[in-house]
There are 2 protein chains.
Amino acid sequence: MSTPERLIESTRELLWERGYVGTSPKAIQQRAGAGQGSMYHHFSGKPDLALAAIRRTAEELRAAAEERFAAPGTAVERVTAYLRREREVLKGCPIGRLTQDPDVMADPVLRAPVDETFAWLRGRIADVLAEGRDRGELDAGLDPADTASTVVAVLQGGYVLARAAGSEEPFRRAVDGVLGLLAAHTTTGRRTD
Amino acid sequence: MSTPERLIESTRELLWERGYVGTSPKAIQQRAGAGQGSMYHHFSGKPDLALAAIRRTAEELRAAAEERFAAPGTAVERVTAYLRREREVLKGCPIGRLTQDPDVMADPVLRAPVDETFAWLRGRIADVLAEGRDRGELDAGLDPADTASTVVAVLQGGYVLARAAGSEEPFRRAVDGVLGLLAAHTTTGRRTD
DNA sequence: CCCAGTGTACATACCAGTAGGTACAACTGA
DNA sequence: TCAGTTGTACCTACTGGTATGTACACTGGG
């Protein structure tokens with residue numbers, strides 16, 4: 001792997017583990033096995049490097065999500081597959097955690113990919129739900145946009161609960177809970193299973 | 001206000017705004033209008049001060065929540081009142097944000113109040129929902145513990161979405177979404193309003 | 001040669017805390 | 001009663017380390 005590549009990957013890991021304010025250029029260099037001069041040669045500074053790292057992480061997240069949404073199946077099946085896909089729950093969401101970083105949120109350039117990722121995600125899930133509703137799989141009274149926001153929020157909040165508890169259990173429960181609620185809105189009616 | 005009091009309040013504000021790693025003793029002192037010696041006289045260091053601040057914040061959060069849960073009304077009404085209560089949405093949850101702070105999560109003493117707060121919250125909401133189910137207000141097939149986790153997750157995730165978007169809208173939508181889903185589980189059946 | 005890529009030295013500020021000292025009030029014992 | 005002691009609250013100065021870069025010298029491949 002090239003030096004810029006190693007620097008970006010190290011930054012991605014550190015942003016995930018420690019956030020932006022908790023990540024120093026020195027720590028990035030050490031993890032990447034690169035010298036200081038090398039880092040400042042390839043990137044103008046910490047924000048520049050962080051931007052590259054954030055963009056790449058956002059891109060990966062989007063691709064992984066789209067994989068589930070584009071799969072065959074009913075709307076609820078696809079949303080379920082997305083919610084239940086394998087995740088490093090205790091590490092949290094690498095994009096969501098950035099919303100707690102004051103320096104990221106204060107910089108419009110760094111913040112943009114975070115904003116765009118969640119906007120896309122909410123919109124994409126809303127589309128899936130609207131499609132399910134139009135196909136007659138889902139209750140017509142259900143608001144796709146609101147429900148999509150709920151689904152994404154359950155995910156992000158599930159990470160918070162799991163980290164607080166030091167266990168994946170609350171995450172699983174939150175996901176099961178919202179899927180249970182959603183089941184009652186399918187046109188097959190309430191489930192008792 | 002006494003000096004220790006001012007120090008605790010400043011720490012609470014800074015933990016909320018910038019997190020633990022983003023908050024320096026110096027910043028705390030300046031905001032509190034206290035000198036360095038003064039701070040180290042009253043508190044053994046940054047973790048000690050943070051503990052006092054976190055405990056107080058957790059206590060307040062719990063009291064504010066209990067106020068809604070103990071109010072009269074159906075289970076759904078009380079959960080709705082809790083979810084819709086006035087909040088500083090864009091600032092996020094002062095307790096939830098701590099789960100993204102590596103130094104807080106790494107210290108069992110600092111982490112304990114965070115863990116306990118969410119454990120209590122999930123349990124308390126589960127109790128309210130179980131009560132509603134026993135009273136016949138809610139569908140018997142609904143799992144109170146799972147649904148309670150979902151409710152708390154929607155809240156925490158709603159903050160994340162709102163901060164990412166720079167707008168309260170996604171938070172409101174997520175709350176409306178989960179309440180809409182919950183409505184279908186009331187014994188009056190599905191709503192079409 | 002030349003220049004992208006890398007290494008080392010230096011610069012300035014901040015972090016988190018320790019050391020040591022001042023002001024003052026309360027308490028002691030002769 | 002009153003000099004002396006103790007304890008509380010607070011302050012400034014100092015310390016070793018880190019944060020975030022600049023400046024510049026060097027090296028090897030085209």
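Chain letters run A, B, ... following the sequence lines, proteins first and then strands; every chain starts at 1. Note that the structure is predicted; figures quoted are calculated from it, not measured.
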Can you give the donor-acceptor pairs under 3.5 Å from side chains of residues 148-158 of chain A to other protein atoms, not counting sequence neighbours?
residue  : atom : partner  : partner atom : Å
A:Ser149 : OG   : A:Arg122 : NH1          : 3.1
A:Ser149 : OG   : A:Ala145 : O            : 3.3
A:Thr150 : OG1  : A:Asp146 : O            : 3.1
A:Thr150 : OG1  : B:Ala174 : O            : 2.7
A:Thr150 : OG1  : B:Val178 : N            : 3.2

Query raised in the report: What are the bounds, 5' to 3', of the part of DNA chain C that sits under 4.0 Å from heavy atoms of chain B?
Result: C:dC15 to C:dT18
Measure the distance from [atom1] on [X] to [atom2] on [N] and round it to the nearest whole Å.
X       : N      : atom1 : atom2 : answer
A:Tyr20 : D:dA19 : OH    : P     : 13 Å
A:Ile28 : D:dT18 : CD1   : P     : 16 Å
B:Lys26 : D:dC11 : NZ    : P     : 15 Å
B:Gln29 : D:dA9  : CD    : P     : 17 Å

Quick test: give all pairs of protein nitrogen or oxygen and nucleotides 25-30 of chain D nitrogen or oxygen below 3.5 Å, distance rounded to 0.1 Å.
none

Protein-nucleic acid N or O pairs under 3.5 Å, nucleotides 5-7 of chain D:
none

Query - Contacting residues from residues 37-50 of chain B, given that a heavy atom lies under 4.0 angstrom of DNA chain D - result: B:Gly37, B:Ser38, B:His41, B:His42
Spell out, as yes or no, whether a donor-acceptor pair under 3.5 Å connects the side chain of [X] to the backbone of [Y].
X        : Y        : value
B:Thr11  : B:Ala53  : no
A:Glu137 : A:Ala75  : yes
B:Arg111 : B:Val104 : no
B:Thr186 : B:Ala183 : yes
B:Arg124 : B:Glu66  : no

Query - B:Glu5: partners by salt bridge (charged side-chain N to carboxylate O under 4.0 Å, His left out), with sequence neighbours left out - result: B:Arg56
Report summary line: By salt bridge (charged side-chain N to carboxylate O under 4.0 Å, His left out), B:Asp115 pairs with (sequence neighbours left out) none
Report task. Test side-chain contact (heavy atoms from CB on, under 4.5 Å) on B:Tyr82 and B:Val128 and set out the steps. Result -> CA-CA 12 Å; B:Tyr82 171 66; B:Val128 169; over 6 Å; no
Query raised in the report: Touch check for A:Ser2, heavy atoms < 4.0 angstrom, all strands: base, sugar-phosphate only, or nothing?
Result: nothing
Query raised in the report: Is the shortest distance from a Lys or Arg side-chain nitrogen in A:Glu9 or A:Arg12 to a carboxylate oxygen in the other one below 4.0 Å?
Result: yes
**Report entry** Salt-bridge contact B:Arg173-B:Glu169 (side-chain N to carboxylate O under 4.0 Å)
**Finding:** yes
Query raised in the report: Counting only heavy atoms not in B:Arg55, do more than 12 fall under 6.0 Å of its CZ?
Result: no
Query raised in the report: Do the side-chain N or O atoms of A:Ser24 get closer than 4.0 angstrom to the phosphate oxygens (OP1, OP2) of D:dT20?
Result: no
Report summary line: Residue pairs meeting ring-ring contact (aromatic ring centres under 6.0 Å, His included), one or both in residues 136-171 of chain A, sequence neighbours left out, come to A:Tyr159-A:Phe171
Extract all donor-acceptor atom pairs below 3.5 Å that involve side chains of residues 31-38 of chain B and protein atoms in other chains or at least two apart in sequence.
residue : atom : partner : partner atom : Å
B:Arg31 : NH1  : B:Glu13 : OE1          : 2.9
B:Arg31 : NH1  : B:Glu17 : OE2          : 3.1
B:Arg31 : NH2  : B:Glu17 : OE1          : 3.1

Query - salt bridge (charged side-chain N to carboxylate O under 4.0 Å, His left out) pairs, two or more places apart, involving residues 87-98 of chain B - result: B:Arg97-B:Asp101
Report task. Only pairs at least two apart or in different chains count here, so list each salt bridge (charged side-chain N to carboxylate O under 4.0 Å, His left out) that has a residue in residues 69-83 of chain A. Result -> A:Arg78-A:Glu131
Could you go over nucleotides 13-15 of chain D and give all protein N or O partners under 3.5 Å, atom names and distances?
residue : atom : partner : partner atom : Å
D:dA13  : N6   : B:Gln36 : OE1          : 3.4

